[in-house]
Amino acid sequence: PINMPDQTTSQSIAHLFTSALPAEAIKSDAETIELMSQDIWSKGTDAALVLCPATTEELQAIARIAYENDIKVNPRGAGMSYTNGYTPDRTNTVVLDTAARMNKIVEINTDDMYVTVQAGVSWQSLYEALKPLGVRTPFWGPLSGITSTIGGGVSQNNAFFGAGNYGPSTESVTSVTVVLADGTCVKTGAGGTRNGAPFWRHYGPDLTGMFLGDAGRLGLKAEVTLRLIQTPAYEDWASFEFETQDACATAAQSVAKTGLAC
């Protein structure tokens, strides 16, 4: 272990959060700490504690306690990144495991064509929930989407399924609900207006964009709203082989101009 915090320090930090979370949502066992302190590429400094919020209110309470006690907080999705975006780089850091309990679909609205999810929902879970309704999000997941979370995806600006036509995950977002460092809750876009629905991203300055691709540093994501589109009536898959890299690039460029391949 690298810079493993002593048990006394971990227990002291854990005690601070007992008023905010149930006991089972506060984890300090060595196996969990080791897992939550690494992504698929590298291992960081061992976290002092792992917290598993279930609601925006619990996330706010965590942020306030951390702010008042000068504790560092790193939000984590499913851990499928390879960027060191959430791995701790110093001792006495708390890792937020959003996938464990913050994984509910909040609203599916096929009239205004948007869906709101908690940050820990996986791309596969969302895709499967939308499929019977004949809709999906424009970007519908990275290669690791079986487990990768939507909050982690838009924090990392990931790309794959749908990105060819619709851009990376962040281009499908219309609104985010984030908790700032002091526990203040902010909702962006049209959804941030009084009694407003999050169907439109640009409602004044694009505050939504501030919290995308930030690896969670500018705000702790509680909920994410994404646009919906009708699922294509027909899809198929194909692969091709090219003799040179230039030939492959030229073909990819030509296909992209048709708008057929996403």
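Basis for what follows: all heavy atoms, side chains included, without hydrogens, waters or symmetry-related copies. All values reported here derive from a predicted model rather than from experimental measurement. For the single chain, residues carry numbers from 1 onward in sequence order.
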Exercise for review: Kindly determine whether N103 and S125 satisfy side chain to side chain contact (heavy atoms under 4.5 Å, CB included), including the steps that lead there.
Suggested key: CA-CA 9 Å; N103 51 20; S125 296; over 6 Å; no
Practice item. Give, for atom CD1 of I26 and atom CD1 of I13, the distance between the pair rounded to the nearest 0.5 Å. Key: 12.0 Å
Review point. Hey, are the side chains of F199 and N109 touching, using non-hydrogen atoms and a 4.5 Å cut-off?
Key: no
Practice item. Return yes when atom OH of Y82 has more than 12 non-hydrogen atoms of other residues, nucleotides or ligands closer than 6.0 Å, and no otherwise. Key: no
Point to revise | Y203 atom OH, over 12 foreign heavy atoms within 6.0 Å | key: no
Exercise for review: For residues S28 and L49, determine if any side-chain heavy atom of one lies less than 4.5 Å from a side-chain heavy atom of the other.
Suggested key: yes
Exercise for review: Give, for atom CZ of F211 and atom OG1 of T188, the distance between the pair rounded to the nearest 0.5 Å.
Suggested key: 7.5 Å
Exercise for review: May I ask you to check whether over 12 heavy atoms, not counting those of Q230, lie within 6.0 Å of atom CD?
Suggested key: no
Point to revise | Side chains of T174 and T208 in contact at under 4.5 Å (non-hydrogen atoms) | key: no
Check your understanding: With ring centroids as reference points, do W123 and F139 lie under 6.0 angstrom apart?
Key -> yes
Exercise for review: Look at K221 together with D214 and state whether they make a salt bridge at an N to O cut-off of under 4.0 Å.
Suggested key: yes
Practice item. With side chain to side chain contact (heavy atoms under 4.5 Å, CB included) as the test, would you mind laying out the steps for N74 and L96 before giving the verdict? Key: CA-CA 6 Å; N74 286 19; L96 295 182; over 6 Å; no
Review point. Could you go step by step and tell me if C185 and T177 meet the side chain to side chain contact (heavy atoms under 4.5 Å, CB included) rule?
Key: CA-CA 7 Å; C185 186; T177 300; 3.5 Å; yes
Check your understanding: For residues T225 and S175, is any side-chain donor paired with an opposing acceptor at under 3.5 Å?
Key -> no
Check your understanding: Do side-chain atoms of Y67 reach the backbone of I62 as a donor and acceptor pair under 3.5 angstrom?
Key -> no
Check your understanding: In terms of heavy-atom contacts, does CZ of F17 have more than 12 from other residues, nucleotides or ligands at under 6.0 Å?
Key -> yes
Practice item. Output yes when a side-chain donor or acceptor of Q60 lies under 3.5 Å from a complementary backbone atom of G183, and no otherwise. Key: yes
Point to revise | Distance in Å, E171 CD paired with R227 CZ, rounded so as to fall on 0.5 Å steps | key: 9.0 Å
Review point. M113 and L126: same hydrophobic cluster, using ILVMFWY side-chain contacts below 4.5 Å?
Key: yes
Review point. In this structure, are over 12 heavy atoms from other groups packed under 6.0 Å from N195 atom CG?
Key: no
Revision key, fill the gap. Tightest non-hydrogen contact, residues L180 and L218, listed as CD2-O, 3.8 Å
**Study point:** In one Ile/Leu/Val/Met/Phe/Trp/Tyr side-chain cluster, 4.5 Å: V154, V178
**Key:** yes
Review point. Between the side chains of T83 and D39, is a donor N or O closer than 3.5 angstrom to an acceptor N or O?
Key: no
Check your understanding: Is any side-chain heavy atom of P22 less than 4.5 Å from a side-chain heavy atom of E58?
Key -> yes
Practice item. May I ask you to test the L228-L130 pair for a side-chain heavy-atom distance under 4.5 Å? Key: yes
Practice item. Starting at OG1 of T98, measure out to CG of L59 and round the result to the nearest 0.5 Å. Key: 9.0 Å
Check your understanding: Any side-chain heavy-atom pair from L212 and N157 closer than 4.5 angstrom?
Key -> no
Contacts table for residues 254-262: side-chain donor-acceptor under 3.5 angstrom, sequence neighbours left out:
residue	atom	partner	partner atom	Å
S254	OG	T250	O	3.0
T258	OG1	V255	O	2.6
T258	OG1	L260	N	3.2

Review point. Do V117 and K104 come close enough that some side-chain heavy atom pair is under 4.5 Å?
Key: no
**Study point:** Common cluster, V176/V106, ILVMFWY with side-chain heavy-atom separation under 4.5 Å
**Key:** no
Point to revise | Nearest-0.5 Å distance, CG of residue D70 to NZ of residue K72 | key: 4.0 Å
Exercise for review: May I ask you to check whether over 12 heavy atoms, not counting those of K131, lie within 6.0 Å of atom NZ?
Suggested key: no
Check your understanding: With a 4.5 Å heavy-atom cut-off, do I71 and L16 have their side chains touching?
Key -> yes
Exercise for review: Would you check, one step at a time, whether the test side chain to side chain contact (heavy atoms under 4.5 Å, CB included) holds for R101 with Q118?
Suggested key: CA-CA 9 Å; R101 298 173 68 232; Q118 289 186 311; over 6 Å; no
Check your understanding: Should the heavy atoms of other residues, nucleotides or ligands under 6.0 Å from CD of E235 be counted, would the total exceed 12?
Key -> yes
Point to revise | Listed partners of T32 passing side-chain contact (heavy atoms from CB on, under 4.5 Å), at least two apart | key: K27, D29, M36, V50
**Study point:** Closest contact, heavy atoms only, P198 versus T116
**Key:** CG-OG1, 4.0 Å
Review point. From E243 CD over to C248 SG, what is the distance, rounded to the nearest 0.5 angstrom?
Key: 12.5 Å
Review point. Do D182 and T184 get their side chains close enough for a donor-acceptor pair, meaning under 3.5 Å?
Key: yes
Exercise for review: For atom CD1 of I146, decide whether the heavy atoms of other residues, nucleotides or ligands shown that lie under 6.0 angstrom number more than 12.
Suggested key: no
